[in-house]
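Below is one structure, written out as structure tokens; the observations come after it.
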Amino acid sequence: MEIKYCSTRNKEIQASASAAILQGLAPDGGLYVPMQFPKLTNSLAELGAMSYQEVAFAIMAAFFSDFEEVELKECIEKAYDEKFRDSLITPVKKVGAQYVLELFHGETLAFKDLALSILPHLMKTAARKQQNENEIVILTATSGDTGKAAMAGFADVKGTKIIVFYPESGVSPIQKKQMLTQKGDNTFVVGIKGNFDDAQTNVKALFNNQTLRSQMAAKGMQFSSANSMNIGRLIPQVAYYFYAYGQLVEKQAIQLGESINVTVPTGNFGNILAAYYAKELGLPINRLICASNQNNVLTDFFQQGIYDKNRPFYVTSSPSMDILVSSNLERFIYYLTDENPVETKKLMEQLNHTGRYEITSSMREKSSSFWAGFATEEETSKTIDQLYKQNQYVMDPHTAVAQSVCQAYQQETKDQTPTLIVSTASPYKFPQTVLQALNDSNTIEDSAKQDEFAWIQALHQKTGLAIPEVIKELADLPILHQTVIPNDEMQKMVETLLGI
Ligand SMILES: *Cc1c(COP(=O)(O)O)cnc(C)c1O
């Protein structure tokens, strides 16, 4: 079955999978979506017996129908190898009465590694298939984890450059150090004096800047995106939901065919949208629980049917979710409108102009498989402490937001469906937050409190949890990127870096 992609804002704008991956964003500013959901050729039982790589192939082969089998297999082999510190790639762990899907065993210790370790390979293959000789310039806004994971994937990949913008004071010290020490002649990291939404809005504007695009084309360059707006990032994420389901069956946590709930700590709405895609493909998911931190714009959206970004922006202990404009929600809106690009475009333009839009009651009904909640800083911190005390399980703050919201959901609804908590980062990316939550920060001398690695050591001493090698190595790496600019100078920066 051939799957074509179209823009969420115009069905006439169509592309093959490889063209959509290469472009990143549709030329009208919309996001590419499959024009129909494929049918999987494997049964749930067959998928349950497969390795991670095999499941990944089954999903990607269904969606990326213009890729040859050998091409996809090569991409998968290069992506999901010993870079992942767990042979299951995405292991499911039993924690108390719940199951935690650990997505943080990749190179940068965040779930984004699952998609970003394969995206560069998909993009190179796509460029070859499209006979595209242009240099691909990856332009990316990051709330902390995408930037590093994307650079790790694209560093020294021939025919590509990657430029990452991050909010200078909106990422954790470890996230920052991971980015600023990035090697590779083709990698550029720039801090901005603004928040993630500023970075993302400006990146989108640069993408849609026709003058800049023609200037680049004249020099044999073109933009693409490593953000979850790229369909090449979204689809690989669908795989781990199927793979996790298989593990739950194997652990006899559920019977084959039984429904599960998933709780996803959400920012840009990419990860939870992948779970929604899995459900559309036939994975028995009952409820999709959307967990936010204090930037609870999505909670209000699901509870009231109103998306309103006109509200205070909070810098929280789960920085990768400090987002008020969730770009992947556009794809979900498209489905809620029954795939109506005119309606979708109207709402997105309202968001652009007024920062707000309201959905109809029939759209609200369609979203009823979702439940949304948020966790305050205090609830997040308490949850980390509670999980450790009860189960000796150390949870990062993003995952703790999900855990807290999941508990609230279960209390409110009395729903007993077996639940998967999606864990998106290693606690060692946020050692200070975690240790403070465990009420154990007094073991650190005041003079050492500025030193992230003192916190890492202390967290290790407290919990015995092994420190990942990549974190140990980080301590001695030199800082290679220093640039910080006001957020209205991003275009000038890009022009300078590209020699335009
Ligand atoms: C990016 C990120 C999220 C949010 O994921 P989305 O796909 O943007 O919703 C949550 N947790 C961590 C650790 C992340 O890096």
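Numbering of ligands and ligand atoms starts at 1, following listing order.
Here His398 and Phe430 bring their ring centres to under 6.0 angstrom of each other. Checked against a 6.0 Å centroid threshold, the rings of Phe332 and Phe370 count as neighbours.
Checked against ring pair (Phe, Tyr, Trp, His ring centres under 6.0 Å), Tyr277 has the following partners two or more places apart in sequence or in another chain: Phe37, Tyr335. Residues that satisfy the ring pair (Phe, Tyr, Trp, His ring centres under 6.0 Å) test with Phe223, not counting sequence neighbours, are Phe207.
Side chain to side chain, Ser318 and Thr316 meet the donor-acceptor criterion of an N or O pair below 3.5 Å.
Around ligand 1, the residues contributing at least one heavy atom under 4.0 Å from the ligand are Phe111, Lys112, Asp145, Pro265, Thr266, Gly267, Asn268, Phe269, Gly270, Asn271, Ser320, Met321, His398, Thr424, Ala425.
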Report, one line per pair, each donor and acceptor closer than 3.5 Å where one atom sits in a side chain of residues 91-99; sequence neighbours left out.
{"unit_1": "Lys93", "atom_1": "NZ", "unit_2": "Glu102", "atom_2": "OE1", "d": "2.9"}
{"unit_1": "Lys94", "atom_1": "NZ", "unit_2": "Gly96", "atom_2": "O", "d": "2.9"}
{"unit_1": "Gln98", "atom_1": "NE2", "unit_2": "Gln403", "atom_2": "OE1", "d": "3.2"}

